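Here is the structure we will look at.
Treat the numbers as computed from the prediction; the structure is a model and nothing was measured.
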Protein chains: 2
Amino acid sequence: MSGRRWTSRDVAALAGVSVATVSYVMNGRMSDRIPAATREKVLSAARQLDYSPNRSAQSLRRQKTEQICLVVDSIGVPTVDQLARDLYAKAEKVGYGLITMVAGSAERAAKTAALLHQRVADAAVIAPATVPRFREETLVELARGGLPMVAMSNTVRPIGFDVVRAPERDACVDAMSHLLASGRSRVAFLGHHEEVTDAEARAGSERLGAYTAALDQHGVAVDDELIVDGADDRVAGYQAVARLLQRPDRPDAIFAASGRSAISAIWAVRDAGLTVPDDVAVVGCGNLPEAEITSPTLSTVGPPTTEDFTDVAELLFQRVLADERPPEREITNPWVFVPRGSA
Amino acid sequence: MSGRRWTSRDVAALAGVSVATVSYVMNGRMSDRIPAATREKVLSAARQLDYSPNRSAQSLRRQKTEQICLVVDSIGVPTVDQLARDLYAKAEKVGYGLITMVAGSAERAAKTAALLHQRVADAAVIAPATVPRFREETLVELARGGLPMVAMSNTVRPIGFDVVRAPERDACVDAMSHLLASGRSRVAFLGHHEEVTDAEARAGSERLGAYTAALDQHGVAVDDELIVDGADDRVAGYQAVARLLQRPDRPDAIFAASGRSAISAIWAVRDAGLTVPDDVAVVGCGNLPEAEITSPTLSTVGPPTTEDFTDVAELLFQRVLADERPPEREITNPWVFVPRGSA
DNA sequence: CTGTTAGCGCTTTCAA
DNA sequence: TTGAAAGCGCTAACAG
C-alpha cells in the first residue's frame with residue numbers, strides 16, 4: 001500500500017476484470033451497460049489500492065492535457081490576479097486546470113513558448129503587457145500548431161488566435177487633458193521599469209505615448225526629468241515619487257502607469273507634507289477596487305467598472321471546446337478616465 | 001506545416017535516421033558518439049517541421065512531469081506571491097515548471113489532492129493557511145504515495161513530508177501586550193472571514209487565540225463586537241474598520257490578521273477624522289515591504305526581515321532530487337513583533 | 001456486458 | 001554509431 005504506484009492493470013487484477021472495464025468505470029463511461037456489481041468491485045479495488053489514473057498517460061492517450069496556461073509578465077499584479085481568478089473559475093467549471101507561467105523577459109518568453117509548443121497545456125492566454133515579450137512570429141506559429149490562444153494586446157494582429165484590446169490611449173489622453181486643463185503644468189510620468197528605461201519598450205508604450213502627446217497638444221514641453229520608473233512595485237513607486245518631490249521644481253501632478261504605484265504616490269505626497277490633489281494631483285491606471293478606499297479616492301484610467309475578464313475566459317474556452325477552429329475574433333473592452341478625488 | 005503535430009517518427013523519416021537517434025540528439029545524450037553530420041541532419045529536420053517532443057509522452061516514459069505544484073488558499077496574497085516567486089526561481093534553475101492550484105475550500109482541496117494523486121506534478125508545497133483545508137490523512141497518503149511535499153503549518157505533523165513552521169503566537173501576544181501595556185483597552189481583531197466566522201477555524205486560529213489570550217492576561221474582557229472579518233481583502237478591511245469606528249464605543253486599537261487589511265485600517269482611521277496611532281493604534285501581520293511606506297509606518301507581527309521562502313524551495317527540491325526519501329524535516333522560521341510608527 | 005488489442009509519442013536497453 | 005523493439009499507463013474500437 002505504499003512505494004510503487006498502482007496501475008489500472010493492478011486494479012483490474014484485484015477486481016478480477018480487464019483493464020478496459022477499469023477504465024470504463026473510472027471514467028463513468030458505459031455507465032448504463034456495466035452492472036452495478038462489477039462497478040462496485042472495481043471501485044472497491046481502486047479504493048483499496050488508493051488508485052487513480054495517471055495523468056500523463058491519460059493526456060498522451062486522449063491527446064489533451066485539460067490544462068490551460070496563463071502567461072504573465074510578473075507575479076503579484078492585481079489586474080493579472082483578477083484575470084487568473086476569472087480564468088480559474090471558468091476552467092474549473094469545465095473540468096480544466098490552470099497553470100501559470102512567468103515570461104518576464106525575452107528569454108523566458110522563448111522558454112514559455114517552447115513549453116507551450118510541447119503541449120504542456122491545451123490552450124493559452126497571454127496577459128496584458130506580456131505579449132511584447134514574444135516575437136509575433138512565435139505566437140503565430142503556436143496558433144498554427146493548433147494551440148487555442150488569446151492574446152491581450154493593443155498591437156498584435158489576430159492571426160490564428162483571438163485578441164482582446166483595451167484602448168488605453170484615448171483614456172490616458174483624457175486624463176492628461178484633465179490634468180493640464182485644470183492648470184497643472186508639471187506632470188510627472190511614473191512608468192514601469194522597461195517602459196521608461198528601454199528604448200524599444202518606451203517607443204511602444206501607449207501610456208507614455210499618450211502622456212507626451214497630451215503634453216504636446218497642450219503646448220507644454222516634455223521634461224525628461226519627470227519621466228521615472230517605479231510603477232511595478234508599491235515600494236519602488238513610493239521612492240520614485242519621494243525623490244521627485246524633493247526637487248526644487250517638483251511636479252504638480254503625477255500620472256502613474258499602474259494603480260498600485262498611484263496609491264504609493266499618494267502616500268509619498270503626503271509624507272512630503274503636501275496634499276493631494278491641491279499640491280499634487282494623482283492619476284493611476286487600472287481601476288482597482290482599492291481606488292475607492294484611498295483618501296482622497298484615486299482618479300483612474302481604466303475600465304469603467306472594476307476589472308472583469310470573464311469575456312476572455314469565454315473566448316478561450318469557446319476555442320478550446322470548439323469542434324473546428326473558429327475564425328479569429330477581436331474584442332475591445334472600454335477604457336475611460338474615471339475622475340475621483342485625487343485629480 | 002500546420003494542422004497535425006509532427007512526432008519523432010516524422011523527424012526520423014525526414015532525416016533518414018531512426019527515432020532512437022532523434023531522441024538522442026533532441027536530448028543531447030550520447031553527444032560524443034553521434035557524429036556531427038547526423039546531429040545536423042536531425043536538428044535541421046526538426047527545425048523544418050517545427051518539431052518538439054510531446055510533454056505527456058515524455059512524462060509518461062520518464063515517470064516524471066518536471067513540474068512542481070504550489071497549493072494556495074486564494075489568489076493575490078502578497079506572502080504567497082513571494083512564496084511563488086521564490087519557488088519559481090528555484091524551479092527554473094533546475095529545469096522545473098511551477099503550477100499553482102487553488103484550494104480555497106474543503107471540496108477544492110479534495111480535488112487538488114486528487115490531481116496531485118494523479119501525478120500532475122512531481123512535488124507539492126502547501127502554502128500557509130491552506131493546510132487546514134486538507135484532512136491530515138489526505139496529506140499523509142499523498143506523501144506515502146511518494147509525492148515529495150512540504151507543508152507550511154504550525155500544527156500538522158510531519159509524516160512523510162517536511163513542515164515549515166512560523167511561531168506566530170508569541171509574536172502576536174507580544175504585539176497585543178504592547179498595545180495593552182501602552183494603555184489601549186478596546187482592541188479590535190480584524191480577521192480573515194473564516195477565522196472569525198467559522199467555529200472550527202476560529203478555534204484553530206493562532207492569531208485570534210493569541211488575541212484573546214493576551215486580553216485575558218491583561219485582565220480585559222473579550223468583546224465579541226470587536227472581532228470582525230475583513231482581513232482577506234483591502235476593500236473589505238477598510239469597510240470593516242469604518243464600521244467599527246462609527247460605534248460610540250469605538251476601538252482604540254486594531255490588531256489585523258493581515259498586512260493588507262492593516263493598511264486599509266490606516267486609511268479608514270484617517271477617513272474617520274482620527275489619527276494613527278494617537279486615536280487608534282494599528283498592528284498588522286506579515287511584514288510586507290509596503291509596511292515601510294505607509295504613514296505612519298506599519299507596526300507588524302511577522303518575520304524580522306521581509307519575507308523570504310528560499311528555504312522552503314530548498315527543502316522541496318532536496319526531496320525532489322534526492323535518490324532516496326530523506327527523513328522528515330521540520331524548520332521553524334522566526335516571527336517577532338516589529339514596532340514601527342502605527343503602534 | 002466485458003475482454004483483447006492496438007496504439008498515443010517517447011526513451012532506452014540491447015544487438016548489430 | 002545506429003536501429004529494432006519493448007514498454008510507460010491509459011483509452012477506445014472492435015470482437016465476442
Side-chain angles (χ1 to χ4, degrees), chain A residues 4-43 45-46 49-66 95 114-115 117-120 122 145-146, chain B residues 3-43 45-46 49-66 114-115 117-120 122 145-146:
Chain A
R4 91 180 256 277
R5 320 250 336 126
W6 302 109
T7 72
S8 61
R9 217 206 302 294
D10 300 310
V11 177
L14 183 57
V17 298
S18 77
V19 292
T21 306
V22 171
S23 174
Y24 292 147
V25 349
M26 291 307 290
N27 294 298
R29 304 176 72 81
M30 323 250 136
S31 43
D32 41 347
R33 307 161 118 224
I34 291 188
T38 313
R39 246 179 63 83
E40 251 336 300
K41 266 192 308 189
V42 171
L43 255 18
L49 297 181
D50 196 19
Y51 166 79
S52 83
N54 179 291
R55 246 321 169 81
S56 301
Q58 275 185 335
S59 300
L60 175 58
R61 179 59 234 231
R62 295 182 170 155
Q63 299 283 60
K64 59 181 180 184
T65 62
E66 305 204 322
L115 253 358
H117 200 193
Q118 290 198 67
R119 280 295 184 278
V120 51
D122 293 341
Chain B
R4 91 179 254 279
R5 320 248 335 124
W6 302 110
T7 72
S8 59
R9 217 206 303 293
D10 299 311
V11 177
L14 183 57
V17 300
S18 77
V19 293
T21 306
V22 172
S23 174
Y24 292 147
V25 348
M26 292 306 291
N27 294 297
R29 304 176 72 79
M30 322 250 137
S31 42
D32 41 348
R33 307 161 119 223
I34 292 188
T38 313
R39 247 177 63 83
E40 251 337 301
K41 268 193 307 188
V42 171
L43 255 18
L49 297 182
D50 196 20
Y51 165 79
S52 84
N54 178 290
R55 243 328 167 81
S56 301
Q58 275 186 334
S59 299
L60 175 59
R61 177 61 233 230
R62 295 182 169 155
Q63 299 283 62
K64 58 179 181 185
T65 61
E66 306 204 319
L115 254 357
H117 200 191
Q118 289 198 71
R119 279 296 183 280
V120 48
D122 292 342

Atom pairs under 3.5 Å: protein N/O with N/O of nucleotides 4-7 of chain D:
{"unit_1": "D:dG7", "atom_1": "N2", "unit_2": "B:R61", "atom_2": "NH1", "d": "3.2"}

Inset, instruction - Check every strand shown and say whether B:V22 touches a base, only sugar-phosphate, or nothing at a heavy-atom separation below 4.0 Å. - result: nothing
Legend entry - Closest to side chain of A:L60, choosing from C:dC8, D:dC10, C:dT2: C:dC8
Inset, instruction - Provide, to the nearest angstrom, the distance between the CG atom belonging to A:N54 and the P atom belonging to D:dC8. - result: 12 Å
Inset, instruction - Give the rounded distance in Å between these two atoms: CZ of B:R9 and C1' of C:dT11. - result: 14 Å
Inset, instruction - Would you classify B:I34 as touching base, sugar-phosphate or nothing, given that sugar-phosphate means primed atoms plus P, OP1 and OP2, and contacts are heavy atoms under 4.0 Å? - result: sugar-phosphate
Legend entry - Nearest-nucleotide pick for A:S8, side chain only, options being C:dG9, D:dC10, C:dT11: D:dC10
Legend entry - Test side-chain hydrogen bond (donor to acceptor under 3.5 Å, both in side chains) applied to B:S8 - qualifying residues, sequence neighbours left out: none
Inset, instruction - Would you mind classifying the nucleic acid contact of B:S23 as base, sugar-phosphate or nothing, using non-hydrogen atoms under 4.0 angstrom? - result: base
Inset, instruction - Would you please confirm or rule out a distance under 4.0 Å between OP1 or OP2 of D:dG9 and any side-chain N or O of A:Q58? - result: no
Legend entry - Partner residues of B:T65 under the side-chain hydrogen bond (donor to acceptor under 3.5 Å, both in side chains) criterion, sequence neighbours left out: B:D122
Legend entry - Which residues share a side-chain contact (heavy atoms from CB on, under 4.5 Å) with A:E40, sequence neighbours left out: A:L43, A:R47
Inset, instruction - Return the minimal non-hydrogen interatomic distance between A:L49 and A:W6, and the atom names on each side. - result: O-CD1, 3.0 Å
Legend entry - A:T38 side-chain N/O to C:dT2 phosphate OP1/OP2 under 4.0 Å: yes
Inset, instruction - Under 4.0 Å between any heavy atoms, over every strand shown, what does A:S59 touch: base, sugar-phosphate, or nothing? Just pick one. - result: nothing
Legend entry - Minimum heavy-atom distance between B:I34 and B:T38, given as atom pair plus value: CG2-CB, 3.9 Å
Give the table of side-chain donor-acceptor pairs shorter than 3.5 Å for residues 21-28 of chain A, with sequence neighbours excluded, one pair per line with atom names and distance.
{"unit_1": "A:T21", "atom_1": "OG1", "unit_2": "A:S18", "atom_2": "OG", "d": "3.4"}
{"unit_1": "A:S23", "atom_1": "OG", "unit_2": "A:N27", "atom_2": "ND2", "d": "3.4"}
{"unit_1": "A:N27", "atom_1": "OD1", "unit_2": "A:R62", "atom_2": "NH2", "d": "2.8"}
{"unit_1": "A:N27", "atom_1": "ND2", "unit_2": "A:S23", "atom_2": "O", "d": "2.8"}

Legend entry - Estimated bend of the helix from C:dC1-D:dG16 to C:dA16-D:dT1 (axis per five terminal pairs, rounded to 10 degrees): 40°
